[in-house]
Amino acid sequence: MTVTDDAAALAREAPEHNPFMAMLTRFDRAAELLGLDQGIYRILKAPEKELKVAIPVRMDDGSFEVYEGWRVQHNSTMGPCKGGIRYSPHVNIDEVRALAAWMTWKCAIVNVPFGGAKGGVRCDPRTLSIGELERVTRRFTSGIIDIIGPDRDVPAPDMYTNEQVMAWIMDTYSMHKGHTVTSVVTGKPWGLGGSQGRKEATGRGLLTMVREAADVKKLDLADATVVVQGAGNVGGTIAELLSEVGVKIVAISDIDGYLLNEGGLDAKKLVRHLERKGQLAEFKGGEYIDGQGLLEMECDILIPCATENQITSVNADKINCKIIVEGANGPTTARADDILDEKDIFVIPDILANAGGVVVSYFEWVQDRMGYFWERRDVNLRLAKVMRTAFRQVLKRTKTSKVNMRTAAYIEAVDRVANLQKMRGLYP
Ligand code: NAD
């Protein structure tokens, strides 16, 4: 472990960097402002179910490795649980808990009839062969098989998982059931029960957020500059969609460094390059900078699309933009929220901004159950409508409750789930 790795590991353990604590801080604030009943507060705070599994896997060299995996179901008041599965060397139970709770609030904001869940496997997918990745996925699926299912809990892609991983999950589940069950998972490939537009749905949802936020802040997108952190599914897609409509992307990063072009990057070419090479370095259309510094660049709109805890009490003061649209889950810590507020930066919070993924996941689940698949145009139109409505409802809440967009989003979500919980009542 290097000194930098050591520092990063320590930082991850600091209370400010605990994602579940970050979620609870915002939840508590919303609960207090809503005057939430103490009993309902306690129900909504506690995850309903947490399953930890050991995942023994035969490696290509014949040795065995045992990975840890988790599935957390935070709350199922609104329907079957829903949430992605993340592969990462750092994932831990508190991160999965936080991500599961964020899914509960996210589904409520966009009125999708799902509860919140999340899964994680602690492994480094960048060092696994395709065969090892498949064996990890299939064994993890069999480990959690009793608690997932189309009417129970429906996984989806997240960091370092993709359409291929979803196809393996669907196949493993189907083999256990004895027949094909496409609706057990979303984000599948087209032709295996996948929906048109799902892969780019989170990025497409962000596009609606960028447009709405620019409108509120009277920012002309034709003259705006954008910086994107993360060049994966979410970051790559929003970069491509924004440059398609003529918005200038001046920088984009991956885990190793970032690409800079003050005149605007050709995001379409960049995404094709990433599909071939898997990393930003060597792309000809910009200067590649090995290292950090991207988040503090001056720009109009900053779109973090990588991971948690990127904007913290340490660097929030140095953030130099007018609008932040959170593509990632939990990129900003609760302490950083206050600093960004003081700087009058308009933040579109994760539980609203990146909800496009779960909206089209819901469309995919509906299509799988109907056995009838929609055209891409219909998917995109419906998605834009849902996202616009959600943005405007949250914006309205900022005015009625005199709070920022993050607190308004939490108030809106917690209020909806709390009311439904009261209507369902408590069993027995
Ligand atoms: P991905 O694996 O496709 O891409 C992640 C990108 O972030 C890569 O470019 C990676 O190099 C970069 N990255 C990772 N750690 C980094 C770090 N510490 N610093 C800088 N860059 C880093 O993942 P994704 O699906 O695009 O997800 C990105 C974020 O968006 C996650 O927070 C995820 O939870 C969230 N999200 C994803 C979806 C979805 O549909 N995929 C939906 C909602 C939210």
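Every number for a ligand or one of its atoms is a count from 1 in the order of the listing. Along the sequence shown, the residues carry numbers beginning at 1.
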Asp415 and Arg397 ion-paired at < 4.0 Å: yes
Between ligand 1 and the protein, find all N/O pairs closer than 3.5 Å and give the distance for each.
| residue | atom | partner | partner atom | Å |
| --- | --- | --- | --- | --- |
| ligand 1 | 2 (O) | Tyr160 | N | 3.0 |
| ligand 1 | 3 (O) | Asn233 | N | 2.9 |
| ligand 1 | 9 (O) | Ala231 | N | 2.9 |
| ligand 1 | 9 (O) | Gly232 | N | 3.3 |
| ligand 1 | 11 (O) | Ile255 | N | 3.0 |
| ligand 1 | 26 (O) | Asn233 | N | 3.2 |
| ligand 1 | 26 (O) | Val234 | N | 2.9 |
| ligand 1 | 30 (O) | Gly327 | O | 3.4 |
| ligand 1 | 32 (O) | Ala306 | O | 3.3 |
| ligand 1 | 32 (O) | Asn329 | N | 3.1 |
| ligand 1 | 34 (O) | Arg86 | NH2 | 2.9 |
| ligand 1 | 34 (O) | Asp158 | OD1 | 2.6 |
| ligand 1 | 34 (O) | Asp158 | OD2 | 3.3 |
| ligand 1 | 34 (O) | Asn329 | ND2 | 2.8 |
| ligand 1 | 40 (O) | Arg198 | NH1 | 3.4 |
| ligand 1 | 40 (O) | Arg198 | NH2 | 3.4 |
| ligand 1 | 40 (O) | Thr202 | OG1 | 2.8 |

Lys/Arg cation over aromatic Trp374: Arg382, 6.0 Å, 45° cone: yes
Presence of salt bridge, Arg406 and Asp350, under 4.0 angstrom: yes
SB check Asp151 Arg369 (cutoff 4.0 Å): yes
Asp266 and Lys284 ion-paired at < 4.0 Å: no
Under 3.5 Å, which donor-acceptor pairs link side chains of residues 137-145 to any protein atom two or more places apart or in another chain?
| residue | atom | partner | partner atom | Å |
| --- | --- | --- | --- | --- |
| Thr137 | OG1 | Tyr87 | OH | 2.7 |
| Thr137 | OG1 | Leu133 | O | 2.7 |
| Arg138 | NE | Glu134 | OE2 | 2.8 |
| Arg138 | NH1 | Asp171 | OD2 | 2.9 |
| Arg138 | NH1 | Thr172 | OG1 | 3.0 |
| Arg138 | NH2 | Glu134 | OE2 | 3.2 |
| Arg138 | NH2 | Asp171 | OD2 | 3.2 |
| Thr141 | OG1 | Thr137 | O | 2.7 |
| Ser142 | OG | Arg139 | O | 3.1 |

